[in-house]
Visitor: 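I'd like to ask some things about the structure below.
Owing to the predicted nature of the structure, the values given are computational and were not obtained by experimental measurement. Protein chains get the first letters and strands the later ones, always in sequence-line order, with residue 1 at the start of each.
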Amino acid sequence: MNKEKTLLRVVSALSSVFCILIIVLSLSACSPQKDNIYQKSKVLMDTLVIITVASSSESGAEIATNAAFAEIERLEGLLDFYSPESQISLINRNAGVSGVQVSHDVIELIDKALYVSEKTDGAFDVTIGPLTSLYDFHKHVRPDDKTIRKNLALINYRDLLLDNAGYTVYLKRKGMLIDTGGIAKGYAADRAVETLKKQGIQAGIVAVAGDIRTFGLKPDGKPWKIGIRNPNATNDKDEIFATVQLTDMAISTSGDYERFFFANNKRIHHLLNPKTGYPSEACRSVSVIAKEGVFTDAFATGAFILGPVKGMKVLEGMGFGGIIMDNEGKTRLTPNMRGKVEFQVAPS
Amino acid sequence: MSFKSLLRDTSWADRVLFSALVAVSVAGIFFIRDVMPQGQSITIEVDGKPAYILPLDEDRMLSVEGPVGLTTVEIKDRKVRVTDSPCRNKLCVKQGWVGSGSIICLPNRIVVIIGNKAKKKGPDAITG
């Protein structure tokens, strides 16, 4: 009889412990303060857009994310260089003919593009269209030197006239072309974040390819951890060479490994120097950290073209964070990034 | 021990408590299975919409139809690769075996995402 009572007590005690465990897990799972992270991706702007949000409800996350995707798609319709219906194409068709009235988004983007063009002394030049249109990275086409030289004459951001009051844009010479490829993705990331915030999302990441804008903190209270792709990666394990922790900041990276092909044993990549017509060779990767994605995107391109020394100087002058790997693998940081970059691969 | 003697030697309060504890414990088994992560999966999206969610620990090969044609995806030894796709440059095929992250075929609007929300030791996003 005593043995039976003892057995009953032991079983009851074990069940009690198990029940306490269930109750504790239930409380943590049902906690009203804990958000979950939801992530969704979509192909837009000819690349993969990944939106990550922290939300207390999956349906709320879904609605907000879809609204942000819709905003990016709307901007794509306005800015697509290859779409005849875009406002950029309308401006380009009227080069040397007349100014074109455009939407607020396009005026704002071109205004910021001109600002970066000036600050980088034309290393980033939003009128680079006559050069970029000569290369085809899908079909591995590069132009001949004579054609490059001829088209270089059509590149000059000073011949792009903007009327902020009248919302008109005018390219002074026939044959000039605006290409917002080096700035549009960062701009789209900024606008997508604004959309998410209007939908009530307080923390998340919008990544338009490698142009990333973060806001808020993760549900665990920590900043978002962003990895920087390793230009020298050979497998999954060394895919990232450094990480930074960000909140309410943007980061963009320009790298010679993103779009390229080989011709005569030479890497032909998409970061073209508007002054020479050829891919810039002094850097492998440039990452820029700042408040807005529109500027991280464009300044990453501009700094890449300028090279590691001049590029770093421009970034420091702007008060931005910069991480530059040159063509010898040496890594430089702006002073404000020292101690804030965690290297996975030892920097040289 | 006999069940009858057990019933005789316990009060009705003991029996109620014991029954309740056993019931909650059994229910907890199902609860824990739902909240604890069960392992990785891959998601294959076509034009932004999930088409397949598959376990990563089951080897298989499947063809996914996109706007341009069929993209063939292979899962083996908890890694994923694209073996064939109708795109011109076959960049997705050249990417080879991938254990985490994603494989993208832009022309065919297909994205293969490896991993799930429970696996979050790596960065939250990658730039570059």
Visitor: Looking only at heavy atoms, which two atoms of A:A250 and A:E292 are closest? And how far apart?
Guide: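 Heavy atoms only, the tightest pair is CB-C, 3.7 Å.
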
Visitor: Could you tell me which portion of A:I212 (side chain, backbone, both or neither) has an atom closer than 4.5 angstrom to a non-hydrogen atom of chain B?
Guide: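 A:I212 touches chain B through side-chain heavy atoms alone.
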
Visitor: Tabulate, in ascending numerical order, the residues of residues 62-72 of chain A having at least one heavy atom closer than 4.5 Å to a heavy atom of chain B, or enter 'none'.
Guide: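 Residues in range: none.
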
Visitor: Chain A contacts: which residues in residues 84-92 of chain B have a non-hydrogen atom closer than 4.5 Å to it?
Guide: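 Answer by number: B:R88, B:N89.
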
Visitor: What part of A:T214 lies closer than 4.5 angstrom to a heavy atom of chain B: side chain, backbone, both or neither?
Guide: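 When you check distances to chain B, no heavy atom of A:T214 falls under 4.5 Å.
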
Visitor: For a side-chain hydrogen bond (donor to acceptor under 3.5 Å, both in side chains) with B:D124, tell me which candidate from A:K218, A:Q39, A:K225 qualifies.
Guide: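 That would be A:K218.
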
Visitor: Any donor and acceptor pair, going by atom type alone, linking the side chain of B:D59 with main-chain N or O of B:D77 inside 3.5 Å?
Guide: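 Judged by distance alone, yes, a pair lies under 3.5 Å.
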
Visitor: When only pairs under 4.5 Å are counted, which of A:V286, A:L48, A:N230 shares the most heavy-atom pairs with chain B?
Guide: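 That would be A:L48.
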
Visitor: For the candidates B:T127, B:T43, B:L106, B:I104, which exhibits the highest count of non-hydrogen atom pairs separated by less than 4.5 Å from chain A?
Guide: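 Most heavy-atom pairs under 4.5 Å with chain A: B:T127.
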
Visitor: Mind checking side chain to side chain donor-acceptor pair (under 3.5 Å) for A:S41 and listing every partner two or more places apart, or none if nothing turns up?
Guide: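 For A:S41, the residues satisfying side chain to side chain donor-acceptor pair (under 3.5 Å) (neighbours in sequence not counted) are B:E45.
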
Visitor: Counting only non-hydrogen atoms closer than 4.5 Å, does A:A209 touch chain B with its backbone (N, CA, C, O), its side chain (CB onward), both, or neither?
Guide: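 It is the backbone, since no side chain atom gets that close.
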
Visitor: Counting only non-hydrogen atoms closer than 4.5 Å, does B:I110 touch chain A with its backbone (N, CA, C, O), its side chain (CB onward), both, or neither?
Guide: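 Neither part; nothing is under 4.5 Å.
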
Visitor: Do you know the tightest heavy-atom contact between A:A242 and A:F343?
Guide: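 Taking A:A242 first and A:F343 second, the nearest heavy atoms are CB-CD2, 3.9 Å.
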
Visitor: Side chain of A:T247, backbone of A:G216: donor and acceptor closer than 3.5 Å?
Guide: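 Here the side-chain-to-backbone pair exists.
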
Visitor: Please classify the contact between A:I228 and chain B as side chain, backbone, both or neither, with a heavy-atom cut-off of under 4.5 Å.
Guide: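 Both the backbone and the side chain of A:I228 come within 4.5 Å of chain B.
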
Visitor: Specify the closest pair of heavy atoms between A:P223 and A:Q245, including all atoms of both residues, with the distance to one decimal.
Guide: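 Looking at all heavy atoms of both residues, the closest pair is O-OE1, 3.7 Å.
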
Visitor: At a heavy-atom separation under 4.5 Å, does A:S254 approach chain B through its side chain, its backbone, both, or neither?
Guide: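 Answer is neither: A:S254 stays 4.5 Å or more from chain B.
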
Visitor: Pick one of side chain, backbone, both or neither for A:N36, based on which atoms fall under 4.5 Å of a heavy atom in chain B.
Guide: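 Contact with chain B involves no heavy atom of A:N36 at all.
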
Visitor: Search all heavy atoms of B:V73 against all heavy atoms of B:V64 and return the closest pair with its distance.
Guide: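 Reported closest heavy-atom pair: CG2-CG2, 4.3 Å.
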
Visitor: Using atom types as modelled and distance alone, determine if a side-chain donor or acceptor of B:S63 lies under 3.5 Å from a backbone N or O of B:T72.
Guide: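 No, the answer is negative, given that no donor and acceptor are paired below the 3.5 Å cut-off.
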
Visitor: Could you tell me which non-hydrogen atom of A:F215 sits nearest to which non-hydrogen atom of A:D248, and how far apart they are?
Guide: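 Nearest heavy atoms, A:F215 then A:D248: CA-OD1, 3.3 Å.
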
Visitor: Main chain of A:T296, side chain of A:D211: is a donor-acceptor contact present, judged purely on distance under 3.5 Å?
Guide: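 Not at all, since once roles are kept as given, no pair shorter than 3.5 Å links the two residues.
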
Visitor: Checking side chain to side chain contact (heavy atoms under 4.5 Å, CB included) between A:V208 and each of A:I51, A:V49, A:L44, which is the one that passes?
Guide: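 Going through A:I51, A:V49, A:L44 one by one, the side chain to side chain contact (heavy atoms under 4.5 Å, CB included) with A:V208 is satisfied by A:V49 alone.
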
Visitor: Considering non-hydrogen atoms only, spot the tightest contact between A:R142 and A:A263 and give its length.
Guide: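 Here A:R142 and A:A263 meet closest at CD-CB, 4.5 Å.
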
Visitor: Test of understanding: with side-chain contact (heavy atoms from CB on, under 4.5 Å), list the residues that count as partners of A:F260, not counting sequence neighbours.
Guide: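 side-chain contact (heavy atoms from CB on, under 4.5 Å) check on A:F260 returns A:F262, A:R267, A:H269.
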
